[in-house]
Amino acid sequence: PALFMENARKGSIVSRANSIGSTSASSVPNTDDEDSDYHQEPYKESYKDRRRRAHTQAEQKRRDAIKKGYDDLQAIVPTCEQQDFFIGSQKLSKAIVLQKTIDYIQFLHKEKKKQEEEVSTLRKDVMALKIMKVNYEQIVKAHQDNPNEGKDQVSDEVKFNVFQGIMDSLFQSFNASISVTSFQELSACVFSWIEEHCKPQTLRDIVIGVLHQLKSQLY
């Protein structure tokens, strides 16, 4: 009986020990899950690294594109090559490159407008020359068809008197406006006199006035 009691006590102790071990094991987290989480963590960090690297590369490309654009502007715009004396051999800043580019574009716009005006003036001159050419061709043709028409209708004396009257009128205004103290004053006065007294309307009025004075010689 004593041996039986001893074995029963030992069996009870082993059973309780197994029960405690089972309970303790059930309360401990699954080590497989821990291993799984441990293996997933480096993957998350690697994904972040890839995103960071891609962002860095994109930013670098953007910076390179901007730099190339400024380098191209500096190579194209002539004024960017003519650095100011206080800058010396230093590299032009982006603000200076942009300002010089704006100034150069504005200069090109003015030159374009000026050239367009010159082209328009030349076209008008060409048109006027064509009209004159046609008129002279008609005059020549009419003279060839009737060589004696209009001959001796106006004498050379009358022509000279008309010319003299026009020149006298112009000389009066010329003598009153021109200073011959120096060549510079003479040049300045001549241009001023031409602009004021040699306008088409003024010349027309002078010619009409002279013709009115000499109309008795014309008829």
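Throughout, residue positions are numbered sequentially from 1 according to the sequence presented. What's counted below: heavy atoms across the whole structure, side chains too, no hydrogens, waters or symmetry copies. None of these values were measured; they are calculated from a predicted model.
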Those residues that, when tested against [X], pass salt bridge (Lys or Arg N to Asp or Glu O under 4.0 Å) (two or more places apart):
X: K94; answer: none
X: R53; answer: none
X: D71; answer: K67
X: K68; answer: D72

Checking T56 against R52: is there a side-chain donor and acceptor pair closer than 3.5 Å?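 The criterion, which ignores hydrogens and geometry beyond distance, is not satisfied for T56 and R52.
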Looking at residues at least two apart in the chain, or sitting in another chain, which of them share a side-chain contact (heavy atoms from CB on, under 4.5 Å) with [X]?
X: R51; answer: Y47
X: D103; answer: Q99, Q106
X: S169; answer: I206
X: E137; answer: K133

Give every donor-acceptor pair under 3.5 Å between a side-chain atom in residues 59-66 and any protein atom, sequence neighbours left out.
| residue | atom | partner | partner atom | Å |
| --- | --- | --- | --- | --- |
| E59 | OE1 | R62 | NE | 3.4 |
| E59 | OE2 | R62 | NH2 | 2.7 |
| E59 | OE2 | R63 | NE | 3.3 |
| Q60 | NE2 | D64 | OD1 | 3.0 |

_If you apply the rule side-chain contact (heavy atoms from CB on, under 4.5 Å), what do you find for Q138 with N135, and how did you get there?_
CA-CA 5 Å; Q138 292 176 352; N135 291 334; 4.1 Å; yes
Rounded distance [0.5 Å steps], CD in E196 versus OG in S177
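E196 atom CD to S177 atom OG measures 6.0 Å (nearest 0.5 Å).
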What side-chain donor-acceptor pairs closer than 3.5 Å can you find for residues 116-128, not counting sequence neighbours?
| residue | atom | partner | partner atom | Å |
| --- | --- | --- | --- | --- |
| E116 | OE2 | K112 | NZ | 2.5 |
| T121 | OG1 | E117 | O | 3.0 |

Kindly indicate, with the supporting measurements, whether the criterion side-chain contact (heavy atoms from CB on, under 4.5 Å) is fulfilled by L170 and L203.
CA-CA 9 Å; L170 290 175; L203 294 176; 3.9 Å; yes
Checklist entry - Do the side chains of Y70 and I102 join up, straight or via other hydrophobic residues, at under 4.5 Å, putting them in one cluster? => result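 Different clusters.
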Q.
Please tell me whether V97 and I105 are part of a single hydrophobic cluster in this structure, the criterion being side-chain heavy atoms less than 4.5 Å apart.
A.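 V97 does not cluster with I105.
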**Report entry** Other ILVMFWY residues reachable from V77 by side-chain steps of under 4.5 Å
**Finding:**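 Other cluster members: Y104, F107, L108.
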Exercise. Can you sort out the partners of F174 under ring pair (Phe, Tyr, Trp, His ring centres under 6.0 Å), two or more places apart, ordered by chain and number?
Key: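 By the ring pair (Phe, Tyr, Trp, His ring centres under 6.0 Å) rule, F174 matches W193.
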Only one of T79, I76, L73, I96 forms a side-chain contact (heavy atoms from CB on, under 4.5 Å) with T101, so which one is it?
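When T79, I76, L73, I96 are each tested with T101, the side-chain contact (heavy atoms from CB on, under 4.5 Å) holds only for L73.
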